[in-house]
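Report on the following structure.
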Number of protein chains: 2
Amino acid sequence: MPFGNYWQREEVMPLNQLEELQLKRLRWVVRHAYDNVPFYRRRMRELGVHPDDIRRREDIARLPFTTKEDLRANYPFGLMAVDRSELVRIHMSSGTSGKPKVVAYTERDLENWINMVARCLYMVGVRRGDVFQNMVSYTLFTGGLGFHYAGERIGAMVVPSGTGNTEKQLQYMLDFGTTVIHATPSYALRIKEVAEERGIDPKSLPLRIGCFGAEPWSDNTRKRLEDAFDIKAFDSYGLSEMNGPGVAFECEEQNGLHIWHDHYFVEVVDPETGEPLAEGERGELVLTPLTKEAMPLIRYRTGDVTYIMDYEKCSCGRTHPKIHRILGRVDDMIVVRGINVYPSQIEHVLMNIPEVGDHFQVLITRNGSLDEITVRVEMRDEIFTGELEDFRRIQGKVSKALQTELNIRVNVELVEKGTLERFEGKAKRVIDLREEL
Amino acid sequence: MPFGNYWQREEVMPLNQLEELQLKRLRWVVRHAYDNVPFYRRRMRELGVHPDDIRRREDIARLPFTTKEDLRANYPFGLMAVDRSELVRIHMSSGTSGKPKVVAYTERDLENWINMVARCLYMVGVRRGDVFQNMVSYTLFTGGLGFHYAGERIGAMVVPSGTGNTEKQLQYMLDFGTTVIHATPSYALRIKEVAEERGIDPKSLPLRIGCFGAEPWSDNTRKRLEDAFDIKAFDSYGLSEMNGPGVAFECEEQNGLHIWHDHYFVEVVDPETGEPLAEGERGELVLTPLTKEAMPLIRYRTGDVTYIMDYEKCSCGRTHPKIHRILGRVDDMIVVRGINVYPSQIEHVLMNIPEVGDHFQVLITRNGSLDEITVRVEMRDEIFTGELEDFRRIQGKVSKALQTELNIRVNVELVEKGTLERFEGKAKRVIDLREEL
Ligand SMILES: [Zn+2]
Ligand SMILES: [Zn+2]
């Protein structure tokens with residue numbers, strides 16, 4: 001099925017045609033939602049907008065937003081636009097609180113989704129003959145089955161190993177000659193650690209490609225992953241409300257993520273006002289899936305912070321405009337002494353300091369009326385000499401680097417390697433103790 | 001794709017044509033194994049048999065057996081008959097000890113497998129519009145993905161809920177209107193219990209169909225499951241070495257399992273001597289998959305005890321001969337005071353006694369030189385009055401029923417409901433303490 005170096009012909013469709021296609025599909029999906037989902041008909045009437053009003057691309061701004069809360073409030077099937085007998089799959093994302101969010105798929109939705117993820121894997125070089133170890137949760141989480149079907153579709157040998165049991169995961173990598181992994185970046189760093197404990201140089205594994213997602217990670221972490229395993233590491237973006245993984249992905253350029261414009265209408269808005277922002281302006285990513293039959297979502301507020309990159313045709317030949325790697329989540333933003341801090345900024349700073357290990361933790365506390373940030377970081381055995389002087393030097397260096405980036409003073413605690421909790425899935429690195437007081 | 005009441009036309013192929021097809025495919029698979037798997041070429045040469053010697057169906061008896069140990073010894077890829085680039089999936093079964101067994105699939109193997117499981121689900125009445133909750137492990141275990149793909153292929157709405165979190169599983173059944181479940185019988189009984197604890201009558205769930213497998217269960221357990229949930233309960237048989245689930249399945253008759261003769265050559269042999277047994281004679285099931293490309297297995301010793309049922313065309317119209325429900329495993333057989341005991345016999349007896357609850361445990365101990373069996377059974381609250389006299393009556397009743405079936409004396413301990421361990425996957429009911437002494 002591949003089309004030269006591309007999985008699908010649509011990846012290199014000229015931008016003007018792509019935008020025409022977007023408008024056509026936008027009109028379809030708005031009509032589909034209006035006709036078949038009472039929730040949208042009500043919302044659109046409230047805003048005085050009708051499907052026929054969507055004539056140009058800009059008209060999308062007239063449409064209502066959809067939020068995570070709307071999904072929860074309509075649990076389980078309130079937003080479905082097709083008969084239940086048309087649904088062939090359910091996925092869920094539990095979130096941190098309250099009712100889970102349900103997403104559902106028709107056969108065609110699945111087919112589109114498989115091909116979008118396959119585009120991504122094919123784009124970073126996964127081919128028939130590769131051994132693809134899929135180290136994320138299966139069952140109701142979209143990450144496992146999403147990548148699984150796509151790897152199989154390409155013809156790679158899929159090892160559906162799921163999460164957990166790091167020792168065995170490593171053994172499979174050795175036994176099956178794994179060339180491609182999919183995991184969270186923090187879990188990949190955990191595997192590196194276990195390999196080293198067993199006296200195996202992670203570089204000696206036959207890995208070529210790592211696909212990492214589900215949590216924001218920086219270019220400095222990329223460098224660490226690439227150096228540790230001698231691989232190319234690519235950023236994967238998706239969310240279950242948009243099918244799952246495969247919404248956007250880095251190409252070989254590793255400079256921004258191509259987002260599949262034939263399936264998603266992309267906006268970035270001011271998270272406070274909801275006003276559309278221009279190319280290059282940071283804000284909340286808002287996506288309208290253009291082809292989803294089961295559960296169309298209009299202007300879905302992803303909660304992810306990014307910006308649309310300047311359009312210039314990518315050297316890979318794909319015409320689909322890129323977004324910057326996710327900078328954080330709107331609701332992950334920590335406000336400390338009136339200053340906005342994203343955990344991803346902290347990660348970015350730490351992973352650039354050679355003396356700092358791969359694991360860290362951020363504690364927010366209240367001291368009287370004053371908020372304080374404490375960053376606990378593991379040191380790297382190989383570099384730390386054990387001398388008090390060296391300890392103070394590293395502490396000062398980390399502290400200064402964080403202060404420069406964040407514009408506030410940060411307490412730094414250096415801890416021994418192996419002290420902090422490890423994660424198999426999304427890392428939970430921020431502990432906000434203020435609410436408990 | 002359905003063919004009338006059948007998923008595939010092959011299900012009603014006249015038996016003589018089916019047997020012709022078997023012979024043709026047997027010749028193909030023997031040639032395939034001989035040409036492409038050094039292990040089989042060596043084995044066949046040792047036995048002085050060549051693919052050209054397989055001219056009639058009976059000639060299968062000239063071929064070597066394959067055992068679990070052969071799979072382990074050839075871990076991971078020693079038995080593959082195709083280039084690694086042809087493989088698109090790996091599954092594993094860990095077994096209780098030693099190296100895991102790996103199985104692999106080509107695209108065509110997967111396609112055959114999906115259709116075989118789809119035949120089974122379609123046979124018991126699963127259709128587009130059904131909500132199919134698949135409550136078994138995903139990832140490397142074949143049960144999860146095997147049923148998942150088939151449910152989706154039929155067009156049922158698949159809820160890939162996996163194992164664990166019984167409270168949530170129950171909630172999904174309520175929220176999604178689940179009509180079909182796949183689970184181990186012991187897990188289904190656990191769900192019944194949790195429902196009752198929550199004050200939900202399991203009968204009030206919209207369930208119609210239960211597919212139960214992965215552990216032997218008796219007709220008395222079937223009756224309990226059917227009564228508890230107001231469903232029809234069907235026995236599912238498969239093993240990862242034969243792709244996974246979908247090897248054989250009960251039809252609406254609930255009297256024996258149709259085994260797909262176009263994909264498996266079926267023998268039953270004496271587990272000691274390996275000699276073929278006649279229709280109706282109990283022994284070890286030996287299967288030769290006839291269409292597996294990636295990993296052909298010749299005369300695989302399944303370890304499962306059953307017999308081939310008298311051939312008469314089933315009222316469902318399917319021509320594929322049936323096997324009796326699995327009676328136990330060759331290596332599950334417990335020898336106590338020189339008498340062969342299968343845990344499934346104990347289950348059969350217990351589930352027929354109304355005063356006995358759904359959970360039990362079998363302890364084997366050595367008292368001096370004498371082996372003893374102790375059966376611990378939970379009582380049913382609804383029936384047990386709490387009087388000592390009633391207690392003694394039940395104890396005597398259970399003890400006598402077991403002695404009649406097993407021909408040895410058995411200690412019976414009655415315990416309160418909720419005392420014994422519950423299982424989400426295969427139940428581990430036999431605890432043999434003799435080896436530890
Ligand atoms: Zn590119
Ligand atoms: Zn039948």
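Per chain, numbering begins at 1; letters A, B, ... match sequence-line order.
- Heavy atoms from other residues, nucleotides or ligands lying under 6.0 Å from NZ of B:Lys168 number 12 at most.
- Annotation: side chain of A:Ile90 is not in contact with side chain of B:Tyr172 (no heavy-atom distance under 4.5 Å).
- If you measure heavy-atom distances from B:Tyr105 to chain A, you find no contacts under 4.5 Å at all.
- Atom-to-atom distance recorded for A:Thr139:OG1 and B:Asn134:CG is 10.0 Å, nearest 0.5 angstrom.
- Between A:Val102 and B:Phe176, some side-chain heavy-atom pair lies under the 4.5 Å cut-off.
- The ring of B:Phe141 has its center no closer than 6.0 angstrom to the ring center of A:Tyr138.
- Side chains of B:Arg89 and A:His148 form a contact here, defined as non-hydrogen atoms less than 4.5 Å apart.
- The salt bridge (charged side-chain N to carboxylate O under 4.0 Å, His left out) test applied to A:Glu167 returns A:Arg198, not counting sequence neighbours.
- Atom CZ in A:Arg128 sits 10.0 Å away from atom CG in B:Leu87 (nearest 0.5 Å).
- With a threshold of 4.5 angstrom between heavy atoms, A:Glu152 approaches chain B through its backbone and through its side chain.
- Residues of residues 154-162 of chain A lying under 4.5 angstrom from chain B, judged on non-hydrogen atoms, are A:Gly155, A:Ala156, A:Met157, A:Val158, A:Val159, A:Pro160, A:Ser161, A:Gly162 by number.
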